[in-house]
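Working notes, structure below.
These figures come from a predicted structure and were not determined experimentally.
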Amino acid sequence: MKILGIIPARYASTRFPGKPLTIINGKPMIQRVYEQSMKSELLTDVVVATDDQRIFDAVTAFGGKVMMTSSEHNSGTDRCCEIVEKIGNDYDAVVNIQGDEPFINPEQINQIAKLISSDESQIASLCKPIKDEDELFDENVVKVVFDTKGKALYFSRQTIPFLRKVEKKEQAWMQSRTFYKHIGIYAYKVEVLKEIASLKQSGLELAECLEQLRWLENSYSIMMGVTEFESYSIDTPQDVEKCLKFFKD
């Protein structure tokens, strides 16, 4: 199966303008994401998708592949779809790699590439067991529940499932069952990507501000893989310093 890795990267950001060009130990963040993605032996190729000339020039400068996309897109999924439509039918699937995770582990990319390679998979994503109680009740940490075959049932900013008979104290919830947080990397079969990019926003998506709920609400399946690798995204300038302790060149 031919799988294209796409790294959506936009310059505009409410909390951190110019984030993809932030220098992480001597290299722009977008370069670190690109180099980590290229280490995956299951990706046929990798390309950055951007709407900004500064990012385009930075990727070109370090020898990466990059394509310009519209500035009107509301999500990375839409940006990935534009790339696929420009390239044509050269690929069977796409992996949407977050442009703000400079330390993404190539094994995570391999794992999701294997998931989407299954004939039964339409969309694939990853999750990780929650080990910190603060994360469990943090609305900024998206949680997911899935069925016995690994297909996502629901994503929420609330803690799911809710433990009705367990008090929220002394690690009681953590000791009662395993909870999973969503890792925001996606893979799609190309034909499915084109379909979901044309869907209108759904009620559940608007309620939780989670794009993937639109897909579930429209009866698309999302196959989940469980990873033990942590995900370190950079959302604010302060996150840069926090993440540097995980840096390994």
Exercise for the section: Following the transitive rule for hydrophobic clusters with a side-chain heavy-atom cut-off under 4.5 Å over Ile, Leu, Val, Met, Phe, Trp and Tyr, establish whether Met38 and Met67 coincide in one cluster. Expected result: no

Problem - Residues Arg54 and Asp52 bridged, charged N to O under 4.0 Å - result: yes

Fill in the blank from the handout: Between Ile116 and Ala124 the two heavy atoms that sit nearest each other are CD1-N, 4.0 Å

Problem - Side-chain donor or acceptor of Lys19 paired with backbone N/O of Ile234 under 3.5 Å - result: yes

Exercise for the section: Return yes when atom CG of Asp147 has more than 12 non-hydrogen atoms of other residues, nucleotides or ligands closer than 6.0 Å, and no otherwise. Expected result: yes

Exercise for the section: Scan for ring pair (Phe, Tyr, Trp, His ring centres under 6.0 Å) pairs involving residues 26-51, sequence neighbours excluded, and state none if there are none. Expected result: Tyr34-Phe62

Problem - Stepwise side-chain hydrogen bond (donor to acceptor under 3.5 Å, both in side chains) test for Gln31 and Glu35 - result: CA-CA 6 Å; Gln31 181 175 353; Glu35 289 175 348; 2.9 Å; yes

Practice task
Please indicate whether Met68 has more than 12 foreign heavy atoms, meaning atoms of other residues, nucleotides or ligands, lying under 6.0 Å from its CE.
Solution key: yes

Exercise for the section: Return yes if some donor-acceptor pair links the side-chain N/O of Asp138 with the main-chain N/O of Asp134 below 3.5 Å, else return no. Expected result: no

Practice task
Measure from the side-chain N and O atoms of Thr50 to the backbone N and O of Ala9, and report whether any donor-acceptor pair falls under 3.5 Å.
Solution key: yes

Problem - Minimal non-hydrogen separation, Ile222 against Ser125, with atom names - result: CG2-CB, 4.2 Å

Problem - side chain to side chain contact (heavy atoms under 4.5 Å, CB included) partners of Gln175, counting only residues at least two apart - result: Gln171

Handout entry: Passing option when Leu43 is tested against Val94, Asn110, Ile97 for side-chain contact (heavy atoms from CB on, under 4.5 Å)
Key = Ile97

Handout entry: Donor-acceptor pair, side chain of Ser121 and main chain of Leu115, under 3.5 angstrom
Key = yes

Problem - Joint cluster assignment, Leu206 & Ile196, ILVMFWY side-chain distance < 4.5 Å - result: no

Problem - pair Val47-Ile83: side-chain heavy atoms closer than 4.5 Å - result: yes

Problem - Remaining members of hydrophobic cluster (4.5 Å side-chain criterion), Ile23 - result: none

Exercise for the section: Would you please test Lys39 and Gln36 for side-chain hydrogen bond (donor to acceptor under 3.5 Å, both in side chains) and show each step? Expected result: CA-CA 5 Å; Lys39 293 176 183 177; Gln36 288 298 99; 2.7 Å; yes

Name the atoms and distances for all side-chain donor-acceptor pairs under 3.5 Å in residues 156-163, with sequence neighbours left out.
{"unit_1": "Ser156", "atom_1": "OG", "unit_2": "Gln158", "atom_2": "N", "d": "3.0"}
{"unit_1": "Ser156", "atom_1": "OG", "unit_2": "Glu208", "atom_2": "OE1", "d": "3.3"}
{"unit_1": "Ser156", "atom_1": "OG", "unit_2": "Glu208", "atom_2": "OE2", "d": "2.8"}
{"unit_1": "Arg157", "atom_1": "NE", "unit_2": "Glu208", "atom_2": "O", "d": "2.7"}
{"unit_1": "Arg157", "atom_1": "NH1", "unit_2": "Glu139", "atom_2": "O", "d": "3.4"}
{"unit_1": "Arg157", "atom_1": "NH2", "unit_2": "Cys209", "atom_2": "O", "d": "3.2"}
{"unit_1": "Thr159", "atom_1": "OG1", "unit_2": "Leu136", "atom_2": "O", "d": "2.5"}

Exercise for the section: Take atom NZ of Lys194 as the centre, draw a 6.0 Å sphere, and report whether it contains more than 12 heavy atoms from other residues, nucleotides or ligands. Expected result: yes

Practice task
Would you please test Asp45 and Lys65 for salt bridge (Lys or Arg N to Asp or Glu O under 4.0 Å) and show each step?
Solution key: CA-CA 9 Å; Asp45 207 350; Lys65 294 183 180 180; 2.6 Å; yes

Exercise for the section: Test salt bridge (Lys or Arg N to Asp or Glu O under 4.0 Å) on Glu228 and Lys131 and set out the steps. Expected result: CA-CA 11 Å; Glu228 289 297 328; Lys131 303 291 179 64; 3.6 Å; yes

Practice task
Using the rule that two of Ile, Leu, Val, Met, Phe, Trp, Tyr join whenever any of their side-chain heavy atoms come within less than 4.5 Å, decide whether Leu216 and Val145 are in one cluster.
Solution key: yes

Problem - Same cluster (ILVMFWY, side-chain, under 4.5 Å), Leu193 and Leu42 - result: no

Problem - Those residues that, when tested against Gln98, pass side chain to side chain contact (heavy atoms under 4.5 Å, CB included) (two or more places apart) - result: Asn96, Asp100, Glu101

Problem - Val66 and Ile55, any side-chain heavy atoms less than 4.5 Å apart - result: no

Exercise for the section: Write out all pairs satisfying ring pair (Phe, Tyr, Trp, His ring centres under 6.0 Å) with one or both partners inside residues 112-156, taking only residues at least two apart or from two chains. Expected result: Phe137-Trp173, Phe146-Tyr180, Phe155-His182

Problem - Student check: side-chain heavy atoms of Phe229 and Phe103 closer than 4.5 Å - result: no

Practice task
Look at atom CD of Glu41 and say whether more than 12 heavy atoms of other residues, nucleotides or ligands are closer to it than 6.0 Å.
Solution key: yes

Handout entry: Under the side chain to side chain contact (heavy atoms under 4.5 Å, CB included) test, residues paired with Asp57 that sit two or more places apart
Key = Gln53

Practice task
Give a yes or no on whether Tyr91 and Ile123 share a hydrophobic cluster (residues Ile, Leu, Val, Met, Phe, Trp, Tyr; joining criterion: side-chain heavy atoms under 4.5 Å apart).
Solution key: yes

Handout entry: Those residues that, when tested against Thr44, pass side chain to side chain donor-acceptor pair (under 3.5 Å) (two or more places apart)
Key = none

Exercise for the section: Quick one: closest heavy-atom pair of Val46 and Leu4, and the distance? Expected result: N-CD1, 4.3 Å

Handout entry: Set of residues satisfying side chain to side chain contact (heavy atoms under 4.5 Å, CB included) with respect to Glu167, sequence neighbours excluded
Key = Lys169

Handout entry: Side-chain (Ser198) to main-chain (Glu195) donor-acceptor, under 3.5 angstrom
Key = yes

Handout entry: Arg32 side-chain N/O to Ile24 backbone N/O, donor-acceptor pair under 3.5 Å
Key = yes

Problem - Pairing residues for Lys86 by the side chain to side chain donor-acceptor pair (under 3.5 Å) criterion, not counting sequence neighbours - result: Glu82

Problem - Partners meeting side chain to side chain donor-acceptor pair (under 3.5 Å) with Glu135 (sequence neighbours left out) - result: Lys181

Problem - Contact summary for Leu204 and Leu213, nearest pair of heavy atoms - result: O-CD1, 3.5 Å

Fill in the blank from the handout: For Val190 and Ala93, the nearest pair of non-hydrogen atoms, with its separation, is CG2-N, 3.6 Å

Problem - Residues in side chain to side chain donor-acceptor pair (under 3.5 Å) contact with Thr60, at least two apart in sequence or another chain - result: none

Completion exercise
In short, Asn218 meets Arg214 closest at the heavy-atom pair ND2-O, 2.8 Å

